[in-house]
S.K.: 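Once you've had a glance at the structure underneath, I'll fire off some questions.
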Amino acid sequence: MEEIKKQLYFISETIEKIKPSNDFLSIEIIFKINPHKELLESLDLEIKKLFEAFKLSKKSIVFEKKFQNSRCEKPISTETLSDLSLIKSLGSGVYAYAGIFQRLINGLDKHLKNIALSLDADEFIFPNLVSTSTLIKSGYLKNFPHQSQPIYDPNCNIESLRSLRQEIKEGVRVSEIESFNQYYKASDFSLSPAVCYHCYEFFENSIFEKDKGKLTTAMQSCYRFEGKSTGGLERLREFKMREFIAMGEPEFVQYFQNKFINIASKLCEDFEINCQLKSASDPFFIDDYNAKRIFQTGFELKLELLTQFKKAPSLAISSINYHQDYFGNSFNLRLHNGKAAHSCCIGFGLDRWCSTIFSTHGVDPMKWPDELRKII
Ligand code: 5GP
Ligand code: ZN
């Protein structure tokens, strides 16, 4: 339901609030202004299509963990974490972390990186910017235009820069400047929504020799516009993600797909996190999302590691994505026999992992399971 809600917000700026009923049989939609007939018709159509896709894409559970001692009612609130001076909001969906929060993010990331290195992964440092042409090549812009975050360059024109300076001197905020487009223009870059696109870009036009697939790892900040769904640490505009990426022959990639499942399972076991690994689908938008969702879920190409809360919707802390030869074709990653390479990645959303750990075990490491305390 959270996913459906999130998608509906993107249909029109005039939607103020979407409230599903407790039994999920109806949805109340509150508008800022009276909606016109065409909008109501288009909403009706989108709701039907989304429900149909969710209904048809039956989800299966790969594993489930339940621990007795956890007190995981719902995600820890940002107010509680702010009161403890562990986070500070720097705008909607953007946070700074301090104290035990930053220690846990760093400790967790180091732990994950060491797991990747123990599997012989090569580590990379990727930029937070990604060229928009890479986002087009990867299919991101086509499939998720509603989440993209293009960036702007200033116009190189002294007069326009002077007048911007003047407006700022007069105390106007940049987002309120009506003539913003006069000062800035779209650049060739966007803020990167994931880690692995950089990896395919890095290996573009490569040939993987026989039995020589590649495992890589990197961590970077990722950016997705979440619109009105932005909130808490669950829906951030900027979040940190560590990814492991396997590329090569189908057998090599499937071996790592299984390995990634085992890694996720062991982490939840060690950290005593209530969770399920379930087949899922990406939030495809606009045209053909039904078919894509059903394909992804049906073939279990996307698996989501969901933390379970007693009184809140479950939350994906990781996902394992088997892309088959999709990126191999998009980025011309070839095998020795000329076929396109396969790829699979696992992403760990570090902010959500930390929030889940605090929600489950509290913020005092002395009360954490031993395996968890060891990583900080
Ligand atoms: P995916 O690429 O499957 O959408 O996301 C991979 C992982 O990134 C998710 O499992 C989650 O941990 C993290 N992630 C995705 N979107 C958000 C978000 O809006 N906020 C936060 N905190 N993490 C996110
Ligand atoms: Zn990825």
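Numbering of ligands and ligand atoms starts at 1, following listing order. For the single chain, residues carry numbers from 1 onward in sequence order.
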S.K.: Considering the Zn ion (ligand 2), could you give the total of protein N/O/S atoms lying closer than 2.8 Å?
M.R.: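 Of the protein's nitrogen, oxygen and sulfur atoms, 3 lie under 2.8 Å from the Zn ion (ligand 2).
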
S.K.: Check ligand 1 against Ile317 and write out every atom of the ligand that is under 4.0 Å from a heavy-atom position of the residue.
M.R.: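 Answer, ordered by atom number: 10 (O), 12 (O).
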
S.K.: Excluding sequence neighbours, so at least two apart, what forms ring pair (Phe, Tyr, Trp, His ring centres under 6.0 Å) with Phe252?
M.R.: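 In terms of ring pair (Phe, Tyr, Trp, His ring centres under 6.0 Å), with neighbours along the sequence ignored, Phe252 is linked to Phe256.
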
S.K.: Looking at ligand 1, does any of its N/O atoms fall within less than 3.5 Å of an N/O of Leu236?
M.R.: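 Min N/O separation from ligand 1 is below 3.5 Å for Leu236.
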
S.K.: Ignoring hydrogens and angles, state whether a donor on the side chain of Tyr95 or Glu238 is under 3.5 Å from an acceptor on the partner side chain.
M.R.: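 Tyr95 vs Glu238: no donor-acceptor pair found between side chains.
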
S.K.: Return yes or no for this condition: an N or O of Gly349 is under 3.5 Å from an N or O of ligand 1.
M.R.: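 Yes, since at least one N or O of Gly349 sits under 3.5 Å from an N or O of ligand 1.
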
S.K.: Please indicate whether any nitrogen or oxygen in Lys302 is less than 3.5 Å from any nitrogen or oxygen in ligand 1.
M.R.: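 For ligand 1, there is an N or O atom that lies under 3.5 Å from one belonging to Lys302.
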
S.K.: Centres of the Phe348 and Phe244 rings: under 6.0 Å?
M.R.: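 Aromatic pair counts; centres sit under 6.0 Å.
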
S.K.: Taking atom 11 (C) of ligand 1 as the point of reference, which of Ala316, Cys196, Ser319 owns the nearest heavy atom?
M.R.: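 The option holding the nearest heavy atom is Ala316.
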
S.K.: So between Met241, Arg224, Arg352, whose heavy atom ends up nearest atom 17 (C) of ligand 1?
M.R.: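 Looking at heavy atoms only, Arg352 sits closest to atom 17 (C) of ligand 1.
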
S.K.: Can you confirm if the NZ or CZ of Lys311 lies within 45° of the ring axis of Phe309 and under 6.0 Å from the centre of its six-membered ring?
M.R.: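 Lys311 over Phe309 ring: no.
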
S.K.: Under 30°, 30 to 60°, or over 60°: which ring-plane class applies to Trp353 and Phe271, parallel, tilted or perpendicular?
M.R.: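 Answer is perpendicular, since the angle exceeds 60°.
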
S.K.: So, is Phe348 polar-close to ligand 1, with some N/O to N/O distance under 3.5 Å?
M.R.: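 No: no nitrogen or oxygen of Phe348 is under 3.5 Å from one in ligand 1.
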
S.K.: Of all the atoms in ligand 1, which lie at a distance below 4.0 Å from a heavy atom belonging to Glu226?
M.R.: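 The atoms of ligand 1 under 4.0 Å from a heavy atom of Glu226 are 19 (O).
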
S.K.: Between Phe327 and Phe331, how do the two ring planes meet: parallel, tilted or perpendicular, split at 30° and 60°?
M.R.: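 The arrangement is tilted - the two ring planes meet at 30° to 60°.
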
S.K.: Under the salt bridge (charged side-chain N to carboxylate O under 4.0 Å, His left out) test, which residues partner Glu209, sequence neighbours left out?
M.R.: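 Only Lys212 meet the salt bridge (charged side-chain N to carboxylate O under 4.0 Å, His left out) criterion with Glu209.
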
S.K.: For Ala340 versus Arg334, what's the shortest heavy-atom pair and its separation?
M.R.: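 In this case the closest contact between Ala340 and Arg334 is N-NH1, 3.4 Å.
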
S.K.: Does Glu234 have a non-hydrogen atom less than 4.0 Å from ligand 1?
M.R.: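 Contact present.
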
S.K.: Polar-atom distance check: Ser318 versus ligand 1, any N or O pair below 3.5 Å?
M.R.: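 In this structure, Ser318 places an N or O atom under 3.5 Å from an N or O of ligand 1.
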
S.K.: Please list, one pair per line, the donor and acceptor atoms closer than 3.5 Å that link side chains of residues 185-194 to other protein atoms, with sequence neighbours excluded.
M.R.:
| from | atom 1 | to | atom 2 | distance (Å) |
| --- | --- | --- | --- | --- |
| Ser187 | OG | Ile151 | O | 3.0 |
| Ser187 | OG | Phe189 | N | 3.0 |
| Ser187 | OG | Phe189 | O | 3.3 |
| Ser190 | OG | Thr132 | OG1 | 3.1 |
| Ser192 | OG | Ala194 | O | 2.8 |
| Ser192 | OG | Gln220 | NE2 | 3.3 |

S.K.: Distance-only, no hydrogens or angles: does the Thr217 side chain make a donor-acceptor pair with backbone N or O of Glu243 under 3.5 Å?
M.R.: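 Present.
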
S.K.: Determine whether a donor-acceptor pair (N or O, by modelled atom type, separation under 3.5 Å) exists between the side chain of Arg224 and the backbone of Arg237.
M.R.: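 No.
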
S.K.: Does ligand 1 have a heavy atom under 4.0 Å from the side chain of Leu233, from its backbone, from both, or from neither?
M.R.: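 It is the backbone that touches ligand 1; the side chain stays farther off.
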
